[in-house]
Amino acid sequence: MMQVLPYVQHHRKTIFRSVLCIILFVLAGISIQWWIPSSASLAFKGRLFYSGLALALSLFLWNYSRFYIGAFCLYTIIFLSSSLMPMLAGQHVERAEVTAAYLIGATLFLFFTDLLYISRHIRKKSLRHVLDSFLYVCLGAALLFPLLIWGYYAVSGHVLSATIVLTLFQTNGSESLAYLKSQNLFMWGGHSQRLSLSSSAQGAYCIA
C-alpha cells in the first residue's frame, strides 16, 4: 500500500485524465441512447467501458494531442451520423444500431492509430513509411461506408438500407449499373474516396 501511494501521487494527472476520458466516453454513449426514443434498455454498456479504457490508453500513447482528440471525435461522429440517417426519413432507429456505429467508429480509429504508434518505433525507415501509408489508407477506406450512406441520401433522397443493397445484388449487372449511374452514385463514390484519402493524407502530415 505504501508503494502504491507515491506512484498515484506522482502520476495523479495522468490517472485523472484517464478516468475522465473513460467517464466522458461512456456518458457520451449513454446520452446518445437516451436521446433516441425507445423502450429498449441501454445497449453495450460493458463495451462502452472497455472502449473508453482503450481510448484512455491511446490518448496516453499520443500524449493527449489536440489534433488526435479532434480527429477521433470527427471520425466517430461520421460513423455515428450515418446510423442516425433513417431519422431524416422519419424511420425508427434502434439504440443498439446507433451505439454499434459509435463503437465501430471509435474502435476502427483506435485500432489503426495504435498500429501507427507501434510502426513509429520500427527502426527501418523504408518499412516504417510503407506501413504508415498502408494504415492511413485503411483509415480513409473505412470512412467510405458512412460517406456512401450520406451520399446515397444526398443524391436520391432515400436511406441506403440492407433491402436496397440486396436488391442490387439480386438483379443482373447491367440493371444494377444503370441504377447506380442514374443516381450519380459513381460520382459521389469517387468524391467520397478522394475525401477520405485526402483526410488520411492530411492526418499523416499533422501527426508526423
Side-chain angles (χ1 to χ4, degrees), residues 15-62 64-114 138-166 183 185 188-189 191-192 195-196 199-200 202-203:
I15 295 174
F16 172 77
R17 284 178 170 179
S18 299
V19 173
L20 181 62
C21 173
I22 296 172
I23 292 174
L24 289 177
F25 184 84
V26 173
L27 284 179
I30 293 175
S31 300
I32 291 167
Q33 295 188 60
W34 274 340
W35 178 69
I36 298 172
S38 175
S39 58
S41 59
L42 298 177
F44 304 123
K45 294 185 287 292
R47 295 184 186 181
L48 284 172
F49 171 77
Y50 290 121
S51 296
L53 191 62
L55 175 59
L57 174 61
S58 296
L59 287 177
F60 172 76
L61 293 177
W62 288 97
Y64 302 95
S65 163
R66 290 185 179 180
F67 175 80
Y68 184 87
I69 295 172
F72 170 79
C73 293
L74 178 62
Y75 202 89
T76 307
I77 288 172
I78 291 175
F79 273 86
L80 177 62
S81 64
S82 66
S83 69
L84 299 173
M85 186 72 62
M87 297 183 70
L88 297 177
Q91 301 176 15
H92 177 68
V93 178
E94 294 292 339
R95 286 178 172 176
E97 296 176 359
V98 177
T99 310
Y102 175 65
L103 289 172
I104 289 172
T107 302
L108 285 173
F109 184 86
L110 296 177
F111 175 72
F112 287 120
T113 54
D114 284 351
C138 289
L139 269 172
L143 280 179
L144 285 177
F145 183 71
L147 289 177
L148 284 174
I149 294 177
W150 270 106
Y152 185 85
Y153 180 81
V155 300
S156 68
H158 301 287
V159 178
L160 184 62
S161 63
T163 304
I164 295 175
V165 175
L166 287 174
Q183 299 294 334
L185 291 184
W188 177 260
H191 289 323
S192 299
L195 176 62
S196 60
S199 299
S200 299
Q202 185 178 5

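Keep in mind that this is a model prediction, so the values were computed, not measured. The first residue of the sequence shown is numbered 1, and numbering continues consecutively from there.
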Study note, to complete from the structure: Closest non-hydrogen contact found for S83 with V93 is O-CG1, 3.8 Å
Check your understanding: Between CH2 of W150 and CG of L143, what distance do you get to the nearest 0.5 Å?
Key -> 14.0 Å
Review point. When the ring centroid of Y75 is compared with that of Y68, is the distance short of 6.0 Å?
Key: no
Check your understanding: To the nearest 0.5 Å, how far apart are CZ in F49 and CD1 in I23?
Key -> 10.0 Å
Review point. Do the non-hydrogen side-chain atoms of F72 and T113 ever get within less than 4.5 Å of each other?
Key: no
Study note, to complete from the structure: Taken to the nearest 0.5 Å, the spacing of L57 CG from L110 CG works out to 9.0 Å
Practice item. Measure the OG-CD1 distance between S58 and I69 for me, rounded to the nearest 0.5 Å. Key: 11.5 Å
Check your understanding: Can you tell me how far the CG atom of L53 sits from the CG atom of L48, to the nearest 0.5 Å?
Key -> 12.5 Å
Study note, to complete from the structure: For L74, the side chain to side chain contact (heavy atoms under 4.5 Å, CB included) test, sequence neighbours excluded, returns I78
Point to revise | Exercise: identify the closest heavy-atom pair between T76 and G105 | key: OG1-C, 4.2 Å
Exercise for review: Could you tell me if the ring centre of F25 sits under 6.0 Å from that of Y102?
Suggested key: yes
Point to revise | I32 side, atom CD1; R95 side, atom CZ - distance, nearest 0.5 Å | key: 12.0 Å
Practice item. Report yes if some heavy atom in the side chain of I22 is under 4.5 Å from a heavy atom in the side chain of L55; otherwise report no. Key: no
Review point. Counting N and O atoms only, with roles assigned by atom type, does the side chain of S82 sit under 3.5 Å from a partner on the main chain of F79, one being a donor and the other an acceptor?
Key: yes
**Study point:** Side-chain donor-acceptor pair present, T99, Q33, cut-off under 3.5 Å
**Key:** yes
Check your understanding: What are the two closest heavy atoms between S18 and A56, and how far apart are they?
Key -> O-CB, 3.8 Å
Exercise for review: For atom OH of Y64, decide whether the heavy atoms of other residues, nucleotides or ligands shown that lie under 6.0 angstrom number more than 12.
Suggested key: yes
